[in-house]
There are 2 protein chains.
Amino acid sequence: MRSIEPSDDRTTSARIRDAAIRCFATDGVAATSVRAIAAEADVSAGLVIHHFGSKDQLRVACDEHVAALIREVKGSAMAAGAGLDPLASMRSFSGGPPLARYLAKTLVDGSPHVAELVDEMVNDAVGYIATGVEAGLLTPSDHPRERAAILTLWMLGPLVLHEHLERLIGFDITGDLAGDPEGAGSAYFGPVTEILGGFFTDTTKELIHEAFPDAPKQTTADKEELA
Amino acid sequence: MRSIEPSDDRTTSARIRDAAIRCFATDGVAATSVRAIAAEADVSAGLVIHHFGSKDQLRVACDEHVAALIREVKGSAMAAGAGLDPLASMRSFSGGPPLARYLAKTLVDGSPHVAELVDEMVNDAVGYIATGVEAGLLTPSDHPRERAAILTLWMLGPLVLHEHLERLIGFDITGDLAGDPEGAGSAYFGPVTEILGGFFTDTTKELIHEAFPDAPKQTTADKEELA
DNA sequence: GGCTCTATTGAACGCATGTTCAATATACTA
DNA sequence: TAGTATATTGAACATGCGTTCAATAGAGCC
C-alpha cells in the first residue's frame, strides 16, 4: 500500500500522520478507517492508536500539521507575490502531501483548525486587496471584509467542488499545474479574470443603483474620484 | 423525533423518503443511519429496507426526488425571472424539504444525479447570460460556457461552505430569506453584486492584457464595439 | 368467513469499525 | 549485563452498522 520509500528518515508517528493525511485527502476523514491508515503506513492498527490516542486526535494532529504546512508555503508565496490565488502555493507538488485535496475534503466537515485557516486566508485577502485598492489596481468597496470573505470562498468553492469543475471544464484544480494539459488551466483562470474584470455592464450597474438607491453608486465613471 | 403532522396524507414510502431527505440534509448521507431515518419517519428500520431495498437505493430515490423538486421550483422561478441566483428558488421554505441543505451535503460526494443537476444549472446559466449579453446588461465573453460554469460554481460554493460563510459574515445562505436578520442577506448579496460589477480596475486589465497579449482585450472602453 | 397479498415489526445475523490489552521485541540506562 | 521503558504486534472486545427473516397485523377480494 505504501509508495516507494528509499531511506525514510521520518519518525514512525510522522509516517503514520502523513499516511493519514494522504488517506483523508483521498477518501475523506469519515470514510477512512484506522486500519486503512495503518496499512498505508505499514504498521498495525494498534500502533496508530498507541501513538495518537484515538482517530479523532490523529485527525486533529493532521489538521494542525496541514495548517502549519500551508502557513509555511503561504509565507514563501506571499514573499514571491502570489497574492490573489490562495490555492496557488498549496497545489499538490510531487512528493509533498496533497494539501489542496486535504482541504477540499475537510473544509466541509467543521474542523475548528480548518475554520481558523479560512479566517486567516480572509484576513490575508483583506490586506492584499487593500494594497491593491491603494495602488489603483482594484476597485474600492464599502464592505472590504465581506468582499474579501466572498472572494476567498469563491476561490475555495471550486476546490471543494473540484469534481464538478473538472467535469465541466476539464481542469483539475487540486493537481500540479505543471502537469496540466494544454489550456485546461486557462479555461479556468481566463474566465475568472474576465469575470473579475466586470460581469455587469454600466447599464446594469445604473439599474441596480436605481433599484437600491441607498447603496453607493460605483460605475467606471466614478472610479477615479472614488479611488 | 418527528415534527407535528396533522393528517399526513403522504404514503408511507413518501414519508420515509422525506425523512431521509431531512436526515441527509442535516447530517450528510454517510453519517445518517437507516435506524435514524426510521426513527425520523416513526417506522422500523426493517420497513425502510422493505420499501427501498437498501440505503443506497433510498439515497438514489432521494436524489431523484430532490432533483425533481428543484426542477419544478426552477421552472416557476424562471417564469418569475429569478435569473442569476440559482439558489433563490430552493432555499428552505417553511414546511418544504430543505433542498438547499440537501444539495450542500450531496454536492461533494459524487452522486450522478446531483452532477446532472449541476450540468443543467450551467446550461440554464449559459442561456440566461447570453440573453443578458444581447440585452447589453452583461459583458460578452470568449468562453461563455466556461464563464457560466464558474459563475454557477461560485453560487454553489458558498452553499457548500455555508458554515464558513455564516461564521465570516453572519449570513445563512441555506435558510429562509424571510427569517433573515436585518442586513445579513445584503452583507452577502451586496458585495457579490459589487464584485460582479468589477473587481479589477481598467489599469489592471491593461496590465493583464499586456502580460497575455493573445487574450482579447476587454476594458470598459471596448465594451460597446465588442457587444 | 376464509384467502391472499402487502405492510409492519422486532429480533437476529454478519460485518466493519474504533479501541483495549497482554505479549513480545527493541532500545536505552545504569 | 541486567533492568526498565518504549515500540510494536495480533488477537480480542464492544458497538453500531446495513440487512435478513420469521412472525404478526391488516386490507381487499371471492
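In what follows, chains are A, B, ... by sequence order, proteins preceding strands, each numbered from 1. Any value given below was found using the heavy atoms of this structure, including those in side chains, with hydrogens, waters and symmetry copies removed.
Rounded to whole Å, atom C1' of C:dA7 lies 18 Å from atom CZ of B:Arg10. Spacing between atom CZ of A:Phe52 and atom P of C:dT19 amounts to 13 Å, rounded to whole angstrom units. Rounded to a whole Å, the CG atom of A:Leu47 is 14 Å from the P atom of C:dT26. In this structure, A:Ile37 places its CD1 atom 15 Å from C1' of C:dA16, rounding to the nearest Å. When the C1' atom of C:dT17 is taken as reference, atom CD1 of A:Ile49 falls 11 Å away, rounded to whole Å. Rounded to whole Å, atom C1' of C:dA11 lies 11 Å from atom CZ of B:Arg35. If you take CD of A:Gln57 and C1' of C:dG18, they are 13 Å apart, rounded to a whole angstrom.
Residue B:Thr32 is classed as a sugar-phosphate contact, given heavy-atom separations below 4.0 Å to backbone atoms only. Looking at heavy-atom distances under 4.0 Å, B:Ser44 makes contact with a base.
Contact annotation: B:Thr12 reaches the phosphate of C:dT8 (side-chain N/O to OP1 or OP2, under 4.0 Å). Under 4.0 angstrom from either OP1 or OP2 of C:dA7 there lies at least one side-chain N or O belonging to B:His50.
Side-chain atoms of B:Tyr102 and B:Cys62, non-hydrogen and from C-beta on, do get closer than 4.5 Å to each other.
The closest donor-acceptor contact from the side chain of B:Ser54 to the backbone of B:Gln57 lies under 3.5 Å. A donor-acceptor pair is defined here as one N or O able to donate and one able to accept, closer than 3.5 Å; such a pair exists between the side chain of A:Thr131 and the backbone of A:Gly127.
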Audit row: A:Met90, A:Leu103, side-chain contact (heavy atoms from CB on, under 4.5 Å) steps and yes/no: CA-CA 10 Å; A:Met90 63 183 77; A:Leu103 257 195; 3.6 Å; yes

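Remark: B:Arg59 engages B:Asp109 in a salt bridge, criterion side-chain N to carboxylate O under 4.0 Å. The existence of a salt bridge linking A:Asp18 and A:Arg22 is excluded, since no basic side-chain nitrogen approaches an acidic carboxylate oxygen closer than 4.0 Å.
When DNA chain D is scanned in the 5' to 3' direction for atoms under 4.0 Å from non-hydrogen atoms of chain A, the outermost contacting nucleotides are D:dA7 to D:dA12.
For the side chain to side chain contact (heavy atoms under 4.5 Å, CB included) test with A:Phe200, the passing option among B:Leu196, B:Leu137, B:Thr139 is B:Leu196; the others fail.
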